[in-house]
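Here is the structure we will look at, set down as structure tokens.
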Amino acid sequence: MANVLLDHVAAKVEEALAALGVQGFDVREVIEIPPGRELGDYAFPCFQLARVLRKAPDRIAEELGQRIGPTELIERVEVVKAYVNIFLNRDESSRRVVEAVLARGDDYGKSDVGNGKTVVLDFSSPNIAKPFHVGHLRSTIIGHSLARIFESLGFKTVRINHLGDWGTQFGKLIVAYRRWGDRARLEAEPIRELLDLYVRFHQEAENDPSLEDEARAAFKALEDGGVEETRLWQEFRDLSLEEFERTYRRLGVHFDSYLGESAYNEAIERTVAELEAKGLLKESEGALVVELEGMPPCLIKKKDGATLYATRDLAAAVHRYETYRFDHMFYVVGAPQQLHFAQVFGVLKRMGYPWVEACEHIAFGHVRFGDEAFSTRKGNVIFLEELLDQAVARVRAIIEERNPELEEKDRVAEAVGVGAVIFNDLAHNRIKDVVFDWETALNFEGDTGPYVQYTHARAASVLRRGVEEGVAPAGAFSVGRGDLAGEEEFQLAKALAQYPDAVQRAAEEREPSEIARYLLDLCRDFNSFYHAHRIVGSPNARARLALVAAVKQVIKNGLYLLGIEAPEAM
RNA sequence: GCGCCUAUAGCUCAGAGGAUAGAGCGCCGGCCUCCGGAGCCGGGUGCGCAGGUUCGAGUCCUGCUAGGCGCACCA
């Protein structure tokens, strides 16, 4: 499934090129949308052909232009210098696009290019016993969105939550809990209690460095199967997971596997043995490392014999390949960990696993708060729940003010508030750092999730109106010849035609923001159209309603890929 | 010190090597007894610096500057 307009144009350009004796030229790559409408709908610049054909680009354009005859879709061709500018027939193009969108419905934009290949996505992966804060949100929703995008392109996906449920931090928590823990509070609000313990540990450790040693010893005891340590760890883990599940439900996120770092305690020994057998382990300052080219060595075991993050990631990668035989594995983890993944991939390569080429670190910029980094240790965090609650509350207030008759206010407020938070994060290129501020996060005007959802609700409202007026009862749209001949209708339809391209790009770049931005553009176009033209009261109301239905469908499909709901009213 | 990332409008950000660099926020001014004003229309300022590659560079390369992140027993 691709762009119904561009496909036609590209095919015609290719035919014309063939007539000039040019084969295998990637027309789709070169063809572009001109900067101004007066220059046509699509343009084909001929500069690159000048070298191939050894002719002046202007002349090539001239010859090409003559060979691209009018078709049902192509109305005329104008050559301007080295550009072949193609003008489409408004009515026919709009009609075809609208019909294609409505015919495919929820499937519009999907394709089967993935051909059943498997993508494993490692995302979210919060640390147990630490609050789920705004910093974790990015991994969670970028991963979730990428999973949906790849599914829509015919890939099989496996969502893995690689829980941070192992490591020295648990030594710290065990030590802190033994000294200052409050049983009742742990059961009532586990994450808060664990966070406080964690923060207090670091405060006290500043004056008493021996605590750090004690914590390392406690973790070693845990790793060696100490009964008391294991019991506490299990409890911390269970209680934390319950809280995370609540947040995941709100975000509509689910996982196929919750195998966290702790799941690899046995596999790790096999991995270390394998490294040993392959002669890759070197002793260095008492620790075991694998040396790598062009970067610092990867630490495999500490001098006390305990394992490290990288060791567990290695074991996990091997296990995942054995389990899923993935064609791609995405690690949706913050950019600060680039070196870590370069090292892990480097070790896998030295181990001789060809599938390391399928592993990819999907890095994203970190979230800062003002000029301070979020720091769990300092307790300087914004809880995601708090952000979601505030967003939902504000939406609720706006509904009360502007649409008090709305049904299911709470459900809609939840969808819009959560959608605002998600969209705010997905609207930017993932690699950019984001500075969190409440004003931006809780703004619902302009380039925001609620704007897109509002546009969807407005389209839904117009369609309901069409039914009420008996113009298009029960969605009985029909687009006859001549119905969509207008310029504005065409521009909207052209935007709809581009949706599959946006999805494709989002997948190729692993960049959900491509879809977010596409939706903003589409919504702007639609709202302009809406304000400029009557729909229900117009002579071609049925056709315009079909166009509105197509717009609504595409917004819904796009929001779904971002993990955002599309309410019928708000 | 070494490595990675970033630098575009007052702010937040888009920009497929191609024609005249675009949105949102903020500010100012408008929007019809009519389909939802979370909307629409109008108003202006900009590619960090210096070279290079190319028919053509905001986009690619090199150097510099500024900011962020990372660099051994945390994850």
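Letters go in sequence order (proteins before strands), and every chain restarts at 1.
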- Message: Distance criterion of 3.5 Å, no angle test: do you see the side chain of Ser284(A) paired donor-to-acceptor with the base of A72(B)?
- Response: yes
- Task: Under 4.0 Å between any heavy atoms, over every strand shown, what does Arg524(A) touch: base, sugar-phosphate, or nothing? Just pick one.
- Result: sugar-phosphate
- Please state the C1' separation for the pair G15(B) and G22(B) - nearest whole angstrom. 7 Å
- Whole-Å C1' distance, G46(B) and G58(B): 11 Å
- Message: When the C1' atoms of G26(B) and U12(B) are compared, how many Å lie between them, rounded to an integer?
- Response: 11 Å
- Query: Does A75(B) have OP1 or OP2 sitting under 4.0 Å from an N or O in the side chain of Thr168(A)?
  - Reply: yes
- Message: Please give the distance between the C1' atoms of A72(B) and U59(B) as a whole number of Å.
- Response: 39 Å
- Quick one: which of A75(B), C35(B), C13(B) gets closest to the side chain of Tyr309(A)? A75(B)
- Looking for any heavy atom pair under 4.0 Å, which part of the strands does His340(A) touch: base, sugar-phosphate only, or nothing? nothing
- Contact class for Met570(A) (heavy atom, under 4.0 Å): base, sugar-phosphate, or nothing? base
- Please state the C1' separation for the pair C11(B) and G63(B) - nearest whole angstrom. 31 Å
- Task: With heavy atoms under 4.0 Å as the rule, sort Pro35(A) into base, sugar-phosphate or nothing.
- Result: base
- Answer yes or no: does a side-chain N or O of Asn429(A) lie under 4.0 Å from OP1 or OP2 of A14(B)? yes
- Result for 5'-nearest mapping on RNA chain B, choosing between Val30(A) and Arg534(A), is Val30(A)
- Item | Check: Asn85(A) side chain, A19(B) base, donor-acceptor under 3.5 Å | yes
- Message: Taking only the P atom of each, what is the distance from G42(B) to A23(B) in whole angstrom?
- Response: 9 Å
- Query: Hey, does Pro126(A) have a side-chain heavy atom less than 4.5 Å from the side chain of Asn161(A)?
  - Reply: yes
- Query: Counting any heavy atom closer than 4.0 Å, what does Ala569(A) reach on the DNA or RNA strands: base, sugar-phosphate only, or nothing?
  - Reply: base
- Item | Pairwise P distance for A7(B) and A14(B), with rounding to whole Å | 8 Å
- Using both pair distances under 3.5 Å as the test, note the stems of at least 3 consecutive Watson-Crick or G-U pairs that include RNA chain B. B:1-7 with B:65-71, B:10-13 with B:22-25, B:27-31 with B:39-43, B:48-52 with B:60-64
- Message: Say we look at G3(B) and C40(B): how far apart would their C1' atoms be, to the nearest angstrom?
- Response: 50 Å
- Side-chain touch Val79(A)/Arg59(A), heavy atoms, less than 4.5 angstrom: no
- Query: Looking at the rings of Tyr309(A) and Trp166(A), which for Trp means the six-membered one, are their centres under 6.0 Å apart?
  - Reply: no
- Lys NZ or Arg CZ of Lys494(A) over Tyr42(A) ring: under 6.0 Å, within 45°: yes
- Task: Verify the distance criterion only: is there a donor paired with an acceptor across the side chains of Arg517(A) and Ser513(A) at less than 3.5 Å?
- Result: yes
- Item | Base A75(B) to side chain Arg312(A), donor-acceptor N/O within 3.5 Å cut-off | no
- Task: Name the nucleic acid region contacted by Ala310(A), choosing base, sugar-phosphate or nothing; use a 4.0 angstrom heavy-atom cut-off, strictly under.
- Result: nothing
- Message: Would you say CD of Glu487(A) has more than 12 non-hydrogen atoms from neighbouring residues, nucleotides or ligands within 6.0 angstrom?
- Response: yes
- Along RNA chain B (nearest heavy atom to each residue), the more 5'-positioned of Thr455(A) and Val80(A): Val80(A)
